[in-house]
Trainee: 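Sharing a structure with you now.
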Amino acid sequence: VAFVVCRSLEGLKTFSYLEELILDNNLLGNDLLLPRLPHLHTLTLNKNQISFQRNTCKILLDHLAEVVPSLQYLSLLGNMACPNELVCKEKDEDDYQRYRYFVLHKLTNLKFLDTRKVTRREREEALVRGAFMKVVKPKDAKVGA
């Protein structure tokens, strides 16, 4: 088994029947561009540099929806875009759930996000309010301050 850090994903376009792609630990950011991979159902982007800065994660999710229409399993663990206690001490389960709703709003065919199965309730909530869930609460949200 060889592990190589990706600098370019250009060569992937020759693998149009690719079904699973693991791009963990590759310093990939929100500017990630994949070629059209119509058969890809599993994508892991764990421990990269994907964040919610300046609406760019929305652009990345829109791009994934377009180029990998069969995507059912996605993992973004270890990225700033995936708010959990492993990445940032200020994040909690509510932040993570809002992130899930936002991703599910954009990628409606997902069956699993990160390590958890997508529930019917989550899918319904994502349809109704997912577009508004990318907002993260401020670090110092003190009442009466």
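Numbers for residues simply follow the sequence, beginning at 1.
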Trainee: Does the Asp95 side chain pair with the main chain of Glu93, one donor and one acceptor, at a distance under 3.5 Å?
Mentor: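 Checked: no pair found.
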Trainee: Provide the closest heavy-atom pair for Pro35 versus Leu9 in the form atom of the first, atom of the second, distance.
Mentor: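 Pro35 and Leu9 have their closest heavy atoms at CD-O, 4.3 Å.
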Trainee: Looking at every non-hydrogen atom in both residues, tell me the closest pair between Lys106 and Leu61 and how far apart they are.
Mentor: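 Result for this residue pair: CB-CB, 3.8 Å.
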Trainee: Could you measure the distance from the NE2 atom of His41 to the CD atom of Gln72? Nearest 0.5 Å is fine.
Mentor: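 So the NE2 of His41 and the CD of Gln72 are separated by 7.0 Å.
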Trainee: Restricting to non-hydrogen atoms, name the atom on Leu71 and the atom on Leu107 that form the minimum distance, rounded to 0.1 Å.
Mentor: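 So the minimum-distance heavy-atom pair works out to CD2-CD1, 4.3 Å.
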Trainee: Taking Asn48 for its side chain and Asn46 for its backbone only, find out whether a donor-acceptor pair lies under 3.5 Å.
Mentor: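 Between the backbone of Asn46 and the side chain of Asn48 there is a qualifying donor-acceptor contact (under 3.5 Å).
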Trainee: With heavy-atom distances below 4.5 Å as the criterion, would you say the side chains of Ser51 and Asn30 are in contact?
Mentor: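 Ser51 vs Asn30: side chains touch.
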Trainee: So does Arg98 pair up with Asp94, basic N to acidic O under 4.0 Å?
Mentor: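 Salt bridge flag = no for Asp94 with Arg98.
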Trainee: To the nearest 0.5 Å, tell me how far Leu28 CG sits from Ile50 CD1.
Mentor: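 So the CG of Leu28 and the CD1 of Ile50 are separated by 6.5 Å.
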Trainee: Would you confirm whether the ring centroid of Tyr96 sits within less than 6.0 angstrom of the ring centroid of Tyr99?
Mentor: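 Distance test on ring centres: under 6.0 Å, yes.
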Trainee: Does some side-chain heavy atom of Leu37 sit less than 4.5 Å from a side-chain heavy atom of Val67?
Mentor: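 No - every pair of side-chain heavy atoms lies 4.5 Å or more apart.
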Trainee: Atom CG of Leu76 and atom CG of Leu45: how far apart are they, to the nearest 0.5 Å?
Mentor: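 It comes to 5.5 Å.
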Trainee: Determine, step by step, whether Glu125 and Arg129 satisfy the salt bridge (charged side-chain N to carboxylate O under 4.0 Å, His left out) criterion, reporting the C-alpha distance in whole Å, the side-chain angles of both residues, the deciding distance to 0.1 Å, and the verdict.
Mentor: CA-CA 6 Å; Glu125 191 71 18; Arg129 300 188 312 165; 2.4 Å; yes
Trainee: Is any side-chain heavy atom of Asp24 closer than 4.5 Å to one of Lys47?
Mentor: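 Not touching, per the 4.5 Å side-chain cut-off.
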Trainee: With side-chain contact (heavy atoms from CB on, under 4.5 Å) as the test, pick out the partner of Leu74 among Asp114, Thr44, Leu110.
Mentor: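 So, applying the side-chain contact (heavy atoms from CB on, under 4.5 Å) to Leu74 and each of Asp114, Thr44, Leu110, only Leu110 qualifies.
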Trainee: For Tyr73 and Phe112, take the angle between the two ring planes, folded into 0 to 90°, and tell me which bin it lands in: parallel under 30, tilted 30 to 60, perpendicular over 60.
Mentor: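 Tyr73 and Phe112: parallel rings.
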Trainee: Can you tell me how far CZ of Arg100 sits from CZ of Arg123, rounded to the nearest 0.5 angstrom?
Mentor: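 The CZ atom of Arg100 is 10.0 Å from CZ of Arg123, to the nearest 0.5 Å.
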Trainee: Is the side chain of Asn79 donor-acceptor paired with the backbone N or O of Gln49 at a distance under 3.5 Å, no angle test?
Mentor: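 Yes, because the side chain of Asn79 sits within donor-acceptor range (under 3.5 Å) of the backbone of Gln49.
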Trainee: What's the separation between atom CG in Leu64 and atom CG in Leu32, rounded to the nearest 0.5 Å?
Mentor: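 It comes to 6.5 Å.
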Trainee: Using a distance-only test with no angle check, is there a side-chain donor-acceptor pair under 3.5 angstrom linking Gln97 and Glu122?
Mentor: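 Yes, because at least one side-chain N or O of Gln97 sits under 3.5 Å from a partner of the opposite role on Glu122.
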Trainee: Where is the tightest heavy-atom contact between Ser70 and Pro38, given as atom of each residue plus distance?
Mentor: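 Looking at all heavy atoms of both residues, the shortest contact is OG-O, 2.7 Å.
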Trainee: With no hydrogens and no angle check, is any side-chain donor or acceptor of Arg36 less than 3.5 Å from a backbone partner on Pro69?
Mentor: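 No: the side chain of Arg36 does not pair with the backbone of Pro69.
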Trainee: Does Arg120, at its CZ atom, have more than 12 non-hydrogen atoms belonging to other residues, nucleotides or ligands within less than 6.0 Å?
Mentor: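 No.
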Trainee: When hydrophobic residues are tied together by side-chain contacts of less than 4.5 Å, even through go-betweens, does Phe15 share a cluster with Ile22?
Mentor: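 No, separate clusters.
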Trainee: Do His63 and Leu33 come close enough that some side-chain heavy atom pair is under 4.5 Å?
Mentor: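 Yes, at least one pair of side-chain atoms sits under 4.5 Å.
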Trainee: How long is the gap from NZ on Lys13 to CG on Leu34, to the nearest 0.5 Å?
Mentor: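 The CG atom of Leu34 is 13.0 Å from NZ of Lys13, to the nearest 0.5 Å.
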